[in-house]
Amino acid sequence: MEETLRQSLLSIVGPESFSEDPEDIVSYARDLWPRTTILARGGTYTSYSSEAILWPKDASQLSRILKLCNEHNLPFVPFGAGSGVCGGTVAIRGGLCIDTKRMNRVLWFDKERGLARVECGINGQILEETLNRNQLTLGHFPSSIYCSTLGGFLAARSAGQLSTKFGKMEDMVSSAEVVLPDGSVVEVGQERPDLLQALVGAEGTLGFFTQATLRVHPLAEERLLRGIKFTDVATGARAIREILHAGIRPAVVRLYDELDTWMALAGGKKEGEPHEKNQILEAIKQRVPQDRLMRAAFSFALQLAPKAGVVADLGPRLLGAGCLLILAFEGKKRLVQAEELAALDIAARLGGKDLGRSPGEAWLQKRYAVSYRLSKVFDAGAFADTMEIAITWNRLMPLYDAVRKALQDEAVVMAHFSHAYHEGCSIYFTFSSSAPDEASSLERYDRIWKRALDAALAVGASTSHHHGIGLLKAQHLRRELGTGGALLDALKHGFDEKQLSNPGKLGFTRTD
Ligand SMILES: Cc1cc2nc3c(=O)[nH]c(=O)nc-3n(C[C@H](O)[C@H](O)[C@H](O)COP(=O)(O)OP(=O)(O)OC[C@H]3O[C@@H](n4cnc5c(N)ncnc54)[C@H](O)[C@@H]3O)c2cc1C
């Protein structure tokens, strides 16, 4: 970096908030995109890195940094906590990595208006705990809540586990302070037409969120959890649709397919049961003989379900596991009780078996844990990833079948249906696979994603429901948008003529 530029940046943020330390540069060179984890595992991930990391403390410092970047034609990447799983923070053209975590205060909350003003680098769990101490909740509970920021949620249109009641991030934000790529600071969300919704989900390509006004709610008086088992996933999905169409609004809706049901029930087993690894392996082998693929599944299954009594009867369970639906209702006690009864009536009419409260309570206890166990799959030499896509009810089962069919020779696939709406639902596929070495792992990883997204788009699904696009899904987003892609490019041109803000994401490519 030119010395004059370095000195100017240092004069804005101070030496404690500027780093060219190689350890920082390497740490910030990737997020949790599994493709970069495969590379990092082999020790070869060095392709893309920033020239310096900066931690501005407010919009004014950030504005001055971005103005300098424009003068020097230097790209910059917004960085929240790096928990994104699509390569949204990967610096493909170098430049500055700008970490927002020093902007981390709850500025005010107002119970009468049901609003809170918050700085966008705040960690999700700290935000929720701060609100809870004041008898409030945001209602946003992504599995990554411990390791992600409000800015990242806004940038990716994040969804939490209670999305059916509280909505996604775009529903939770009322207005926001944004530093645009040219350094100007604006407040969006109060005007017509509403620019806020164009920026939410733009993944830092159109500006930085520095503060947001969020809709907050009183803490629930009562929470009731329920497990219901259906014979198959189609009937479970129909139950969810009928529950929503009846005007019932559960806080949590999670329907697991057979394999995922087995995993979920496994997670609910008691401590202290013997770990009968051989029985597990035998049971899986008998069911699916494809050797290499199953090695990935073994490690996956073993990490996710280390309690063994579970797995001794894996074969029968898998064959007749059924599909577990977890519902949670929360809010005013009398309302919640009535909603639960009405939902159970619908489920019973469709043949659902009431399993009582324990499956839901077991899920609640470990609700964040399962995602973090995926890293053990990588330790075991395999890889895993998740794909979350949404579609209308009439095409939900064709989507489920199409993606599983597309991956049948490539990966072990399981799925759950966890964000449900009046008109449709999202499916969250988890796939696990392996290959003998890094190069063939990457090849297989890329092929899996291409096949899965090709199949999804062919049925009419969205490219992403809540993880965002990043680098991973850029080409498929462009296919999904069709002629709308030109409109997005025009927006980019208007906001960021020099294409400096988070290059390459959402499929923006430089034209010069
Ligand atoms: C174990 C695990 C579980 C997960 N579970 C969920 C889940 O349940 N629901 C869910 O929605 N996601 C989930 N994710 C994905 C991820 O946590 C979300 O995408 C989250 O919104 C990213 O937040 P972050 O602060 O880590 O953002 P980062 O990863 O740092 O950045 C994500 C994108 O946002 C941009 N960005 C970051 N901050 C700003 C800002 N202030 N202004 C503008 N752009 C910005 C970045 O440039 C990047 O493009 C999970 C990830 C993991 C690893």
Side-chain angles (χ1 to χ4, degrees), residues 28 30-34 36-37 50 56 59 62 66 75-92 95-104 118-125 127 140-163 168-170 172-173 176-181 199-212 252 254 367-375 378 384-386 388 416 418-419 426 428 430 464-474 495 501-506 508:
Y28 280 86
R30 67 183 186 94
D31 49 23
L32 291 181
W33 181 19
T36 53
T37 308
S50 314
L62 181 57
L66 299 195
F76 46 86
V77 176
F79 195 99
S83 72
V85 286
C86 306
T89 62
V90 174
I92 61 165
L96 301 183
C97 172
I98 304 179
D99 187 326
T100 59
K101 281 197 276 304
R102 284 188 69 205
M103 299 182 247
N104 59 9
V118 184
E119 291 184 327
C120 289
I122 194 168
N123 171 281
Q125 177 68 11
L127 168 58
H140 188 58
F141 302 94
S143 304
S144 55
I145 191 165
Y146 297 130
C147 61
S148 48
T149 64
L150 173 58
F153 299 153
L154 288 163
R157 293 194 162 224
S158 170
Q161 293 163 346
L162 272 59
S163 63
K168 292 179 71 210
M169 206 57 224
E170 58 266 35
M172 298 177 178
V173 59
E177 178 186 76
V178 179
V179 182
L180 298 178
L199 295 171
V200 176
E203 302 184 20
T205 58
L206 303 177
F208 274 71
F209 291 104
T210 44
Q211 292 183 12
V252 176
R254 293 176 83 80
R367 63 171 160 161
Y368 302 131
V370 68
S371 309
Y372 298 98
R373 292 191 193 146
L374 285 184
S375 60
F378 288 84
D385 204 344
T386 58
E388 27 59 70
H416 63 260
S418 51
H419 305 280
S426 150
Y428 190 90
T430 301
S464 169
H465 176 262
H466 58 271
H467 283 166
I469 304 298
L471 293 175
L472 170 65
K473 305 171 202 164
F495 275 77
S501 198
N502 210 1
K505 315 302 154 28
L506 303 187
F508 290 125

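Ligands are counted one by one from 1 in listed order, and the atoms in each one are counted from 1 as well.
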Report summary line: The side chain to side chain contact (heavy atoms under 4.5 Å, CB included) partners of C86 (sequence neighbours excluded) come to H467, L472, K473
Report task. Verify whether one side chain among R30 and T37 offers a donor that lies under 3.5 Å from an acceptor in the other. Result -> yes
Query raised in the report: Any donor-acceptor pair under 3.5 Å linking the side chain of E119 with the backbone of N104?
Result: yes
**Report entry** E203: partners by side chain to side chain contact (heavy atoms under 4.5 Å, CB included), with sequence neighbours left out
**Finding:** I469, L506
Query raised in the report: Where is the tightest heavy-atom contact between F76 and S501, given as atom of each residue plus distance?
Result: CE1-OG, 3.2 Å
Query - Set of side chain to side chain contact (heavy atoms under 4.5 Å, CB included) partners for S148, sequence neighbours left out - result: S83, S144, F153
Query raised in the report: When you look for protein heavy atoms under 4.0 Å from ligand 1, which residues do they belong to?
Result: L32, P78, F79, G80, A81, G82, S83, G84, V85, G88, T89, T100, P142, S143, S144, C147, S148, T149, G151, G152, F153, A155, A156, S158, A159, E203, G204, G207, F208, F209, S371, Y372, H466, H467, N502
